[in-house]
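As the structure is a computational prediction, the values presented were derived from the model and not from experiment.
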Amino acid sequence: MEFDTVIHGGTIVTASEQYRGDIGIRDGRIIAVAERLDGGERRIDAGGRLVMPGGIEAHAHIAQESASGIMTADDYLSGSISAAFGGNSSFIPFAAQHRGQSIDDVIATYDALSKPSVIDYSYHLIVSDPTEAVLTEQLPRAFARGITSLKVFTTYDLLNIGDAGMLDILSVARDHGALTMVHAENHAIVAWMNRELATRGMTAPKYHAISRPELAEEEAINRVITLAQLAGAPLFVVHVSTAGGAARVQRARAEGAIVFAETCPQYMALTRDDLDRPGMEGAKYICSPPVRDTATQDALWRHVQTGTFDSVSSDHAPYRYDETGKLMHGPDAPYSKIANGMPGIAARLPWLFSEGVAAGRLRPEEFVALTSTNAARIFGVDKKGRIAPGMDADIAIWNPETVRTVTLEDQHDNMDYTPFEGMELTGVPEIVMNRGTVIVEHGELRAKEGQGRFVARSRIDLTGRPGVAVKETALMHAAEGRE
Ligand code: URP
Ligand code: ZN
Ligand code: ZN
């Protein structure tokens, strides 16, 4: 067999096993995996290294203008480069609808923005305006194009679609085999807390964490799971930050509900004390839902270890610590006017590898599942997330022993800070490939601008997952003669 590249002598790690073997690559695909493969125009020596599927970053905000008009610092070039340095071979950022905008227009906008990407990409839609035309014509068109997931919000004035809107979205997504992702926080609780804190003059960054109580997330996760059950729809709960929220996901699953969930490194690495750094430094750590406390970190780790979370994503939402981002409303802005979100697309995998695998909390196989394989399965990325013949050669070769201190420079993004600065992490992705092309090699960028391709994704496969039957909707459907 002729190979373009052979990766030789490494320990191949999949979501279920690890073994010594060689990987043969031709035309961007893995065409052979065997104990020993000869040949190859290029042979990469992976002795002493872990050879894993390249990361799939399933939650990132790239070239996205927030509902209040602030642009993320990273576009598809810098965001994809940063992702690649962090061990990712592909990503699924959001394509966000602003109210009044058609979904076709949203997709056309992001199709133009995404061209420079150095890694493969798809989009999750963000739907903020579920009009009749959106529900009946535009979303089905997007799903047919392979954009088979969308995110909706229970909070933020310009994004919250309300419970009825949520039911409409869940139903349409279910009918078309698409997956609804939800940002779940109780809007009224947050608004009320904002008012109470403002009345008391409590507007410094540290009050951001207080303004969005754990109960707000727990209630909203519970409510949206309930709505998803009523609609008979699968649900993906993003950026879970609380023990209570995670427990609700776990219970729903035990009851048979089709609920997926993720958490993010920041909820296990940072606490609300970071929001109380001197001056306005705390603004760097403002994200929603907010970072919590060490007890929550421990609980979230247990949920990562016991399978409540399908993936650990970055929620990379890069707003610089200057007047273009965090300080847009001035150097002393109240927390409620500071852009929500923090960067982390390059840090996600190194942080999780170090705190998970190197620290003995996770097996390498679990790391692969949480960072690549599960996202591929859940979001319908059929040719990625596994090392097997026929799959895209999206591969990351890790040195599991190198110790590195996180610096801003190493993130290779357009940011002026990293919340992970100074952390000492064990494990480095030395070589990262996108469809057989080396894009990062020992700290050097090898990728060509624009080499990333759009990935049309499959509809969600729910074989063997009937979900929870709801009597009343079953009776309604029976009355109209539907199964
Ligand atoms: O604060 C955050 N996470 N901002 C990004 C947008 C979102 O809700 O994921
Ligand atoms: Zn969100
Ligand atoms: Zn997000």
Closest approach of [X] to [Y] (non-hydrogen atoms, all atoms of both residues):
X: T426; Y: A358; result: CB-CB, 3.8 Å
X: I31; Y: P389; result: O-CB, 4.1 Å
X: N340; Y: C287; result: OD1-C, 4.1 Å
X: M415; Y: L408; result: O-CD1, 3.6 Å
X: I23; Y: L37; result: C-CD1, 3.7 Å
X: L362; Y: V304; result: CD2-CG1, 4.1 Å

Side chains of [Y] and [X]: any donor to acceptor distance under 3.5 Å?
X: S149; Y: H124; answer: yes
X: D413; Y: S78; answer: no
X: D461; Y: T463; answer: yes
X: R49; Y: T11; answer: no

| query | How would you list all residue pairs meeting ring-ring contact (aromatic ring centres under 6.0 Å, His included) that involve residues 423-458, not counting sequence neighbours? | reply | Y123-F454
| request: Would you please test L462 and I258 for side-chain contact (heavy atoms from CB on, under 4.5 Å) and show each step? | output: CA-CA 8 Å; L462 297 176; I258 307 166; 3.7 Å; yes
Whether the side chain of [X] engages the backbone of [Y] through a donor-acceptor N/O pair (distance < 3.5 Å, no angle test) should be reported.
X: E262; Y: A58; value: no
X: N399; Y: V428; value: no
X: Y267; Y: L300; value: no
X: N88; Y: S90; value: no
X: S241; Y: P289; value: no
X: R292; Y: P290; value: yes
X: T154; Y: H183; value: yes
X: Q138; Y: I103; value: yes
X: D4; Y: D27; value: yes
X: Q97; Y: Q101; value: yes

| query | Can you say whether the rings of Y76 and Y110 are parallel (under 30°), tilted (30 to 60°) or perpendicular (over 60°)? | reply | perpendicular
| Is the number of heavy atoms from other residues, nucleotides or ligands under 6.0 Å of E17 CD greater than 12? | yes
| request: May I ask you to check whether over 12 heavy atoms, not counting those of R386, lie within 6.0 Å of atom CZ? | output: no
| message | Please determine whether side-chain hydrogen bond (donor to acceptor under 3.5 Å, both in side chains) holds for the pair S311 and N374, giving the CA-CA distance in whole Å, both sets of side-chain angles, and the decisive distance to 0.1 Å. | response | CA-CA 7 Å; S311 51; N374 290 350; over 6 Å; no
| query | side-chain hydrogen bond (donor to acceptor under 3.5 Å, both in side chains) with R361: which of E355, E366, Q305? | reply | E355
Ring centres under 6.0 angstrom apart ([X], [Y]):
X: F91; Y: H59; answer: no
X: W301; Y: F309; answer: no
X: F236; Y: F379; answer: yes

With sequence neighbours left out, which residue pairs that include part of [range] fulfil the salt bridge (Lys or Arg N to Asp or Glu O under 4.0 Å) condition?
range: residues 115-127; result: D120-K384, D120-R435
range: residues 443-458; result: E441-R446
range: residues 53-70; result: E57-R348
range: residues 81-108; result: D104-R141

List for me each residue that meets side chain to side chain donor-acceptor pair (under 3.5 Å) alongside [X], sequence neighbours excluded, and say none if there are none.
X: H187; result: T155, D157
X: Q64; result: H61
X: Q18; result: E365
X: R459; result: none

| Between V238, I378, V152, which is the residue that forms a side-chain contact (heavy atoms from CB on, under 4.5 Å) with M181? | V238
Atom pair [atom1]/[atom2] of [X] and [Y] - distance to nearest 0.5 Å:
X: S82; Y: D74; atom1: OG; atom2: CG; answer: 6.0 Å
X: L125; Y: L139; atom1: CG; atom2: CG; answer: 6.5 Å
X: I345; Y: T418; atom1: CD1; atom2: OG1; answer: 12.5 Å
X: L170; Y: L179; atom1: CG; atom2: CG; answer: 9.5 Å
X: Y285; Y: L270; atom1: OH; atom2: CG; answer: 7.0 Å
X: I7; Y: R42; atom1: CD1; atom2: CZ; answer: 9.5 Å

| said: Salt bridge check, R320 against D322: does any charged N sit closer than 4.0 Å to a carboxylate O? | reply: yes
| task | Go through the steps to decide whether D273 and L275 satisfy the test side-chain contact (heavy atoms from CB on, under 4.5 Å), and finish with yes or no. | result | CA-CA 5 Å; D273 288 348; L275 288 158; over 6 Å; no
| note | Sorted by chain and number, sequence neighbours left out, ring-ring contact (aromatic ring centres under 6.0 Å, His included) with H329 holds for none
| Partner set under ring-ring contact (aromatic ring centres under 6.0 Å, His included) for F3, not counting sequence neighbours | none
| note | Residues at least two apart in sequence or cross-chain that pass side-chain contact (heavy atoms from CB on, under 4.5 Å) with A269, listed by chain then number, are W351, F420, M423
| field | Candidate pair F367 and M52, rule side-chain contact (heavy atoms from CB on, under 4.5 Å), full reasoning | value | CA-CA 9 Å; F367 173 82; M52 305 196 271; 3.6 Å; yes
| field | Stacked cation flag K326 on Y321, 6.0 angstrom / 45 deg | value | no
| Are I395 and I30 close enough, and set up right, to give a side-chain contact (heavy atoms from CB on, under 4.5 Å), and what steps lead you there? | CA-CA 10 Å; I395 293 170; I30 297 170; 4.2 Å; yes
